[in-house]
Amino acid sequence: MARILITSALPYINGIKHLGNLVGSQLPADLFARYMRGRGHEVMYICATDEHGTPAELAATKAGKPVAEYCAELHDVQADIAKGFGISFDYFGRSSSDENRAFTQHFAAKLAENDLIEVVSDKQVYSNADGRFLPDRYIEGTCPNCGHVGARGDQCDECTKQLSPTDLIDPYSTISGSKDLEVRETKHLFLRQSKLRDTLDKWIDSKKDWPILTTSIAKKWLHDGDGLRDRGITRDLDWGVPVPDMPGKVFYVWFDAPIEYIGATAEWAKANGLGDDAWERWWRTDKGADDVRYVQFMGKDNVPFHTLSFPATIMGSKEPWKLVDYIKSFNYLNYDGGQFSTSKGRGVFMDQALSILPSDYWRWWLLSHAPENSDAEFTWENFQSSINKDLADVLGNFASRVTKFCRSKFGEVVPAGGEYGDDEKALIATLNQRLTAYNTHMDAMEVRKSAAELRAIWAAGNEYLQNAAPWTVFKTDPDAAAAVIRLSLNLIRLYAVLSKPFIPDASAALLTAMNTRDASWPDDVETALNTLPEGHTFTVPEVTFAKITDAQREEWQEKFAGVRD
RNA sequence: GGGCCUGUAGCUCAGUUGGUUAGAGCAGAGCGCUCAUAACGCUUUUGUCGCAGGUUCAAGUCCUGCCGGGCCUACCA
């Protein structure tokens, strides 16, 4: 039995995430976690809300609430939605926890001890009306290059020229609109990650099997221009992990957020009344974590922080913390020809998705179309046809036709009589082959390929049944038909087991209908198909997957289109 | 501007270290079945592999250029 530590990128606290965010982190991580648990491995799947930073403060202000209260509420909202999608976190923590505060300050102290922190004096724009320093993106003005009026302080969207806030003509705060801005001197701690460049470079080079998306982004940052740059890890904010001996400063979210992977594991230990050793055996290689395999899941926007700054933090501490072993990164999911947009209400967000269809529908479509090699696109037509064909027709209808036929001819009981013959042997051989392929793809986190293989496993049942034709055989040889149905009922149970990582709710419903709790991952298909014995009772399941009608599709298409550009 | 990814049947995508007639699912067509969610099975049509050159006995696969789509470019997170 192996020990697998899994983390998915922390969703930012500000608002509800859309399906693209889900498919790039929590969902594939959950698939992997469920699969690994199914295989009998010890899994720790950790995630948390990322709660610090300027956007959280502003959102709280807008909501008219203290930021701590706002974050607590939104954390619960996100936790509920994740639960609704069946995301099987072992713990869903908060980056604002006491644990994370302690770890963040600890790492900063260790980095300072090891001469990897330096104090840098910097000039930044301060807004008197807002009473805060403004990140570059929160300042807009007229582009000095092209004259575009709404240019941001970091870049002009019109001419794509990179800017500095002081370049802007007539700059104003996007928070208040105030033009009462001034440049102030402020001191910040910088992480001297440039000193670790060669170490990081060698480390990345050693990861031959990582997705190219992961390594190419890391390489770019390591080698672009003068190479990896030092990075400010503090901000002038109230809300965050306080920087010791620097009043008014907190650590930058991107410094404390990854540390929360560790923090949340410690939160888990505390919440379960366990001691420090419980989390340390996942994170400290000197305390039992040396045999842990650590896999991270994230969208491509998160890659630099997970390949460079977080490893720099870990390595720079010179303490025996567990480093990531594999980073699975994803491209983006687009929505019907464009991007998901919160501000325009375009696309389907997690809460809306659950309000119209069961989570398994979304899980299946998103995972079977995961943006692994390039950006993927959600369209309602594709969604409808995939769901109706794969889930309703191929899988759901298989369970339906088998159980209903059995009920009418033999009753709701696994029928006795007959022997397995050549057709059954051929099916078992096919399924063993496909099971091996499925396991291989799941082990490798090849999400789309896993889904395709699972679907082929489902389809094999229909092929077999059609060929065996128990409805015909029954007329002359009821025992032979009984053997076919006995195997087919067992096939339903096998499908429930193998499908559990993708569609856990339907899997549970099918197992309940088959009146069994035996969900053990099969080593061998033949054995697995003898699990439900003759005489075992079952019930005919309700419609496992109702089809999506054209009317529904059109209604949703309209509803989620958002306002036009 | 720079870097990276990507362009394969109407649609969504596979195509391993270059090797014979380029594959799958969906959609379309035909046949079969009637247990089932008008479901299932079998057969089958469709491709100048973005364009133009080059290397090679051999290129979807390697090289160069061009065209299209996307992402990143370090103070949003």
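From a predicted model like this one, the values you see are computed outputs, not experimental measurements. Quick note: numbers below take in every heavy atom, side chains included, and nothing from hydrogens, waters or symmetry partners. Below, chain A is the first sequence line, B the second, and so on; all start at residue 1.
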Regarding [X], tell me which of base, sugar-phosphate or nothing describes its non-hydrogen contacts under 4.0 Å with the strands shown.
X: K220(A); value: base
X: F398(A); value: nothing
X: D122(A); value: base
X: T379(A); value: nothing
X: F545(A); value: base
X: I212(A); value: sugar-phosphate
X: G227(A); value: base
X: V253(A); value: sugar-phosphate
X: K219(A); value: nothing

Closest listed nucleotide, where the reference is the side chain of [X] and the choices are [options]:
X: D50(A); options: U34(B), U37(B), A77(B); answer: A77(B)
X: K547(A); options: A39(B), C75(B), A36(B); answer: A39(B)
X: R137(A); options: C76(B), A74(B), A77(B); answer: C76(B)
X: Q124(A); options: C40(B), A36(B), C75(B); answer: C75(B)
X: P55(A); options: C76(B), C75(B), A36(B); answer: C76(B)
X: P135(A); options: C13(B), C5(B), C76(B); answer: C76(B)
X: N373(A); options: A14(B), G32(B), C13(B); answer: A14(B)
X: S385(A); options: C76(B), C75(B), C26(B); answer: C26(B)

Would you tell me if any nitrogen or oxygen in the side chain of [X] comes within less than 4.0 Å of OP1 or OP2 on [N]?
X: Y252(A); N: A77(B); value: yes
X: R448(A); N: U12(B); value: no
X: K449(A); N: A24(B); value: no
X: K389(A); N: C40(B); value: yes

Self-check item: Closest-nucleotide ordering on RNA chain B, the 5'-leading residue of K300(A) and Q193(A)
Solution: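 This one resolves to K300(A).
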Self-check item: L213(A) or D301(A), whichever maps to the more 5' nucleotide of RNA chain B
Solution: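 Taking each residue's closest nucleotide, the earlier one in sequence belongs to L213(A).
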Quiz item: Across all strands, who's sitting opposite G47(B) as a Watson-Crick or G-U wobble pair, both distances under 3.5 Å?
Solution: none
Exercise. Provide the Watson-Crick or G-U wobble partner of U64(B), both distances under 3.5 Å; none if there is no partner.
Key: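 Paired with U64(B), as far as the under-3.5 Å criterion goes, is A52(B).
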Nearest-angstrom distance, [atom1] atom, [N] to [M]:
N: C5(B); M: U61(B); atom1: P; answer: 16 Å
N: U64(B); M: G47(B); atom1: P; answer: 31 Å
N: G41(B); M: C57(B); atom1: P; answer: 48 Å
N: U34(B); M: U48(B); atom1: C1'; answer: 45 Å
N: A14(B); M: G7(B); atom1: C1'; answer: 15 Å
N: G28(B); M: C66(B); atom1: P; answer: 43 Å
N: G15(B); M: U6(B); atom1: C1'; answer: 15 Å
N: G60(B); M: U8(B); atom1: P; answer: 15 Å

For [X] and [N], give me the distance from atom [atom1] to atom [atom2], rounded to whole Å.
X: Y464(A); N: C33(B); atom1: OH; atom2: P; answer: 20 Å
X: R152(A); N: U73(B); atom1: CZ; atom2: P; answer: 10 Å
X: R455(A); N: C26(B); atom1: CZ; atom2: C1'; answer: 8 Å
X: N467(A); N: G41(B); atom1: CG; atom2: P; answer: 12 Å
X: I139(A); N: C76(B); atom1: CD1; atom2: C1'; answer: 13 Å
X: H223(A); N: A74(B); atom1: NE2; atom2: P; answer: 18 Å
X: N334(A); N: U6(B); atom1: CG; atom2: P; answer: 16 Å
X: D393(A); N: A38(B); atom1: CG; atom2: P; answer: 9 Å

Practice problem: Compare the aromatic ring of W471(A) with the six-membered base ring of C35(B) and state whether they stack according to the 5.5 Å and 30° rule. | Solution: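 Aromatic stack with C35(B) present for W471(A).
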Quiz item: What heavy-atom pair brings A312(A) and L196(A) nearest, and what distance separates the two atoms?
Solution: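 It is O-CD1, 3.6 Å.
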Quiz item: Just checking, any donor-acceptor pair under 3.5 angstrom between side chains of W221(A) and T307(A)?
Solution: no
Practice problem: State whether the side chain of N397(A) and the backbone N or O of V394(A) hold a donor-acceptor pair below 3.5 Å, judged by distance alone. | Solution: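 Side chain of N397(A) to backbone of V394(A), a donor-acceptor pair under 3.5 Å: no, none is there.
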Self-check item: Base A39(B) paired with N397(A) side chain (donor-acceptor, <3.5 Å)
Solution: no
Quiz item: Going by modelled atom types, is there a donor-acceptor pair between the base of A74(B) and the side chain of R229(A) at under 3.5 Å?
Solution: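 Counting by modelled atom types and ignoring angles, a donor-acceptor contact under 3.5 Å is found here.
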Practice problem: Please indicate whether E118(A) has more than 12 foreign heavy atoms, meaning atoms of other residues, nucleotides or ligands, lying under 6.0 Å from its CD. | Solution: yes
Quiz item: Counting only heavy atoms not in D226(A), do more than 12 sit closer than 6.0 Å to its CG atom?
Solution: no
Self-check item: Steps toward ring pair (Phe, Tyr, Trp, His ring centres under 6.0 Å) verdict (F133(A), H188(A))
Solution: CA-CA 13 Å; F133(A) 283 95; H188(A) 282 295; 7.3 Å; no
Practice problem: Give a yes/no verdict on a cation-pi contact between K300(A) and F330(A), requiring under 6.0 Å between NZ or CZ and the six-membered ring centre and an angle within 45° of the axis. | Solution: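 No, a cation-pi geometry is absent between K300(A) and F330(A).
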Quiz item: Has K547(A) got its NZ or CZ under 6.0 Å from the middle of the six-membered ring of F545(A), at an angle within 45 degrees of the ring axis?
Solution: no
Exercise. I would like to know whether F310(A) and F305(A) meet ring pair (Phe, Tyr, Trp, His ring centres under 6.0 Å); could you show each step before the answer?
Key: CA-CA 6 Å; F310(A) 185 44; F305(A) 305 100; over 10 Å; no
